[in-house]
Amino acid sequence: MAARTRRSREVGSAASRVFLALCVAGVLIAGAMTALLLFESQRAVRAEAERVTAAVASALAASPDVAGELADDPDPTAVLQPVAVRVIAESRVDFVTIMTVDGIRVTHRDPAQIGLPYIGTIPSSPVALTEEFTGTLGPSVRTIVPVRADGRQVGWVAVGVTIGSISSAFLARLPIALVIAVAVVTAGVAGALLARRVTRRVTGDLPAGAVRDALSSYESLRTLGEALRAQTHEHGNRAHTAVALIELGRTDEAVQILTATSRRSQELIDQVNARRAGDPTVGALLLGKASQAAERGIDWTADISPDAPSSVLAPIDQVAVVGNLIDNALDAAAAGPLPRWVRVGIAPGPLGIALTVSDSGDGVPDELREKVFEHGFSTKPAGAEGRGVGLALVRSLVEDAGGTLELSTTAPTTFHADLPARSMS
């Protein structure tokens, strides 16, 4: 029932799911890029307005004609107003206001405002100031600069660009950002189509779950094959050693080697047989992995509770889960310092059955835990990559079955899986 429920949640072929995932990724990337471009464009337009107002105001303040009129002419408007109008027409600014030291305007875009006080911040000391302020033309970015003549201040020059002009310049750049976004989405869709074509060549129209099941089958066969090879290799080595000892007349030592091997295997067989429920395939896997551990010089302990029920996972999925966790533990232990060991526990758990696999590693830092699951990295010491998609596959199988998988962040490295039990009715 659990397997059928899991299948019912899987819609569409693996190729289609790859296509949809890449399309969504392309749209998200395009959206993020467009937002970044718009933000940067808005910042650049405002910064350009600040630079232009500062440059024009500084140039006018440094003009001898402007300084001379403010210093010597009691009514400089007649001379300076045409200058201000010409600068507005020739520069990318919206207003040029020249004023006395007290802030009384002698020029303005609106002649009716001449002779009135400047609306904006006048610095308390003769220094330049750039700000955003709301004046007669509405909110604007403006720069005010002191005018000096013969070493004394004789007035001020304020140059501004309205926020409306800044927004217009920003909107003029909007089509460029949209074109880039469309190009990114188009490239993403093209890449998604190519990926779907390649995936379909490999998987045909199989659902994503079927592809995952095929991968699970492959992983199960691989781990069982490695376990059987190690068991055969270990038994072969011990048999050759025993024969050589018999030929040398050291029969007692030959008997000890053979009985030690038989005794360890029998202990694990007894635990497996004592379990009232469970899959014999997992028991065979544990026997093979015990030989694999011995072959690699790793101390092996398996604690199988006779009360542990069978999980809802299919036998081939059980082998994939248990086998990959043990393979990871063996690799991590083999790469670590002495003493090297692996512990496997199967017992009743909160959801039904609890599987624990520990090794003599140093634990996994919190920031690497997601990489272990998402990318299949092993828990070897830093710098070593793991067994491809093994651990990611384990997580997928456990969670799809309604279980949980946790990884310790402190030594010893421990994977703890809780799985629902199969109904015995």
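Side chains are part of it too, since the values below use all heavy atoms of this structure and drop only hydrogens, waters and symmetry mates.
In terms of the side chain to side chain donor-acceptor pair (under 3.5 Å) criterion, residue partners of Arg46 (sequence neighbours excluded) are, by chain and number, Glu132. By the side chain to side chain donor-acceptor pair (under 3.5 Å) test, Gln113 is found to be paired with Arg105, residues two or more places apart in sequence or in another chain being considered. When the salt bridge (charged side-chain N to carboxylate O under 4.0 Å, His left out) test is applied to Arg51, no partner is found at least two apart in sequence or on another chain. The side-chain contact (heavy atoms from CB on, under 4.5 Å) search around Val127 returns Pro123, Ser125, not counting sequence neighbours. Remark: Asp94 pairs with Thr162, Ser165 by the side chain to side chain donor-acceptor pair (under 3.5 Å) rule, at least two apart or across chains. Under the side chain to side chain donor-acceptor pair (under 3.5 Å) criterion, Arg148 pairs with no residue, sequence neighbours left out. Judged as a side-chain contact (heavy atoms from CB on, under 4.5 Å), and not counting sequence neighbours, the contacts of Ala347 are Ser305.
Val161 approaches Ala49 most closely through the heavy-atom pair CB-CB, 4.4 Å. Heavy-atom minimum distance, Gly155 versus Val101: N-CG2, 3.4 Å. Of all non-hydrogen atoms in Ala333 and Ser360, the two that sit nearest each other are CB-OG, 3.7 Å. Across Lys289 and Leu330, no two heavy atoms sit closer than the pair CD-CD1, 4.5 Å. Scanning all heavy atoms of the two residues, the minimum distance from Leu351 to Gly402 falls at CD1-O, 3.8 Å. A pairwise comparison of heavy atoms in Thr143 and Thr130 identifies OG1-OG1, 2.8 Å as the closest pair.
Residue Trp156 holds its CH2 atom at 7.0 Å from CD1 of Ile122, rounded to the nearest 0.5 Å. Put simply, CD1 on Ile353 and CG on Asp307 are 11.5 Å apart, with the number rounded to the nearest 0.5 Å. Within the model, atoms OG1 of Thr97 and CD1 of Ile144 stand 9.0 Å from one another, a figure rounded to the nearest 0.5 Å. From Phe415, atom CZ reaches atom CD of Glu406 across 11.5 Å, with rounding to the nearest 0.5 Å. Here OG of Ser140 is found 9.0 Å from CZ of Phe133. Values are rounded to the nearest 0.5 Å. If you take CG on Asp303 and CD1 on Ile346, they are separated by 9.5 Å, rounding to the nearest 0.5 Å.
Without hydrogens or angle criteria, Gln81 side chain to His108 main chain gives a donor-acceptor distance under 3.5 Å. Counting only distance, with no hydrogens or angles, the side chain of Asp102 and the backbone of Ile104 share no donor-acceptor pair below 3.5 Å. Judged by distance alone, the side chain of Asn324 and the main-chain N or O of Ala320 form a donor-acceptor pair under 3.5 Å. Remark: side-chain polar atoms of Thr53 are paired, donor with acceptor, to backbone N or O of Glu50 under 3.5 angstrom. A donor-acceptor pair under 3.5 Å links the side-chain atoms of Ser408 to the main chain of Pro412, judged by distance alone. For the pair Thr134 (side chain) and Gly138 (backbone), a donor-acceptor distance under 3.5 Å is absent.
Side-chain contact between Thr414 and Leu407 is absent, with no heavy atoms from C-beta onward closer than 4.5 Å. With contacts defined as side-chain heavy-atom distances shorter than 4.5 Å, the pair Ser311/Arg422 does not qualify. Contact annotation: the side chain of Val52 never approaches that of Val159 to less than 4.5 Å [non-hydrogen atoms, C-beta and beyond]. Leu313 is listed as a side-chain neighbour of Val321, based on a closest heavy-atom distance under 4.5 Å. A heavy-atom distance below 4.5 Å is not found between the side chains of Leu397 and Val394. Residues Leu60 and Val83 form a side-chain contact, since some pair of their non-hydrogen atoms from C-beta on lies under 4.5 Å apart. Using a 4.5 Å cut-off on side-chain heavy atoms (C-beta onward), Ser358 and Thr356 make contact.
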*Residue pair Gln42, Ser167: steps toward the side chain to side chain contact (heavy atoms under 4.5 Å, CB included) verdict*: CA-CA 8 Å; Gln42 187 176 34; Ser167 298; over 6 Å; no
_Chi angles and distances behind the side chain to side chain contact (heavy atoms under 4.5 Å, CB included) call for Trp300, Val344_ = CA-CA 8 Å; Trp300 168 274; Val344 180; 3.7 Å; yes
*asked:* Run Leu419 and Val398 through side chain to side chain contact (heavy atoms under 4.5 Å, CB included) and show every step you take.
replied: CA-CA 7 Å; Leu419 285 162; Val398 170; 4.0 Å; yes
*Evaluation steps, side chain to side chain contact (heavy atoms under 4.5 Å, CB included), between Val96 and Val85*: CA-CA 8 Å; Val96 172; Val85 172; over 6 Å; no
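Residue Phe39 qualifies as open at atom CZ: its count of foreign heavy atoms under 6.0 Å is 12 or below.
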For residues 114-121, dump all side-chain donor-acceptor pairs below 3.5 Å to protein atoms at least two apart in sequence or in another chain.
unit_1 : atom_1 : unit_2 : atom_2 : d
Tyr118 : OH     : Arg142 : NH1    : 3.2
Thr121 : OG1    : Glu131 : OE1    : 2.9
Thr121 : OG1    : Glu131 : OE2    : 3.4

N/O donor-acceptor pairs under 3.5 Å from side chains in residues 63-77, not counting sequence neighbours:
unit_1 : atom_1 : unit_2 : atom_2 : d
Ser63  : OG     : Asp65  : N      : 3.4
Asp73  : OD1    : Asp75  : N      : 2.9
Thr77  : OG1    : Val106 : O      : 2.8

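Among residue pairs with one or both ends in residues 25-36, none qualify as salt bridge (Lys or Arg N to Asp or Glu O under 4.0 Å); sequence neighbours excluded. Pairs engaging residues 337-350 under the salt bridge (Lys or Arg N to Asp or Glu O under 4.0 Å) rule: Asp299-Arg343 [sequence neighbours left out]. Residue pairs meeting the salt bridge (Lys or Arg N to Asp or Glu O under 4.0 Å) criterion with at least one member in residues 20-34: none, sequence neighbours excluded.
A salt bridge links Asp331 with Arg296: the closest approach of a Lys/Arg side-chain nitrogen to an acidic carboxylate oxygen falls below 4.0 angstrom.
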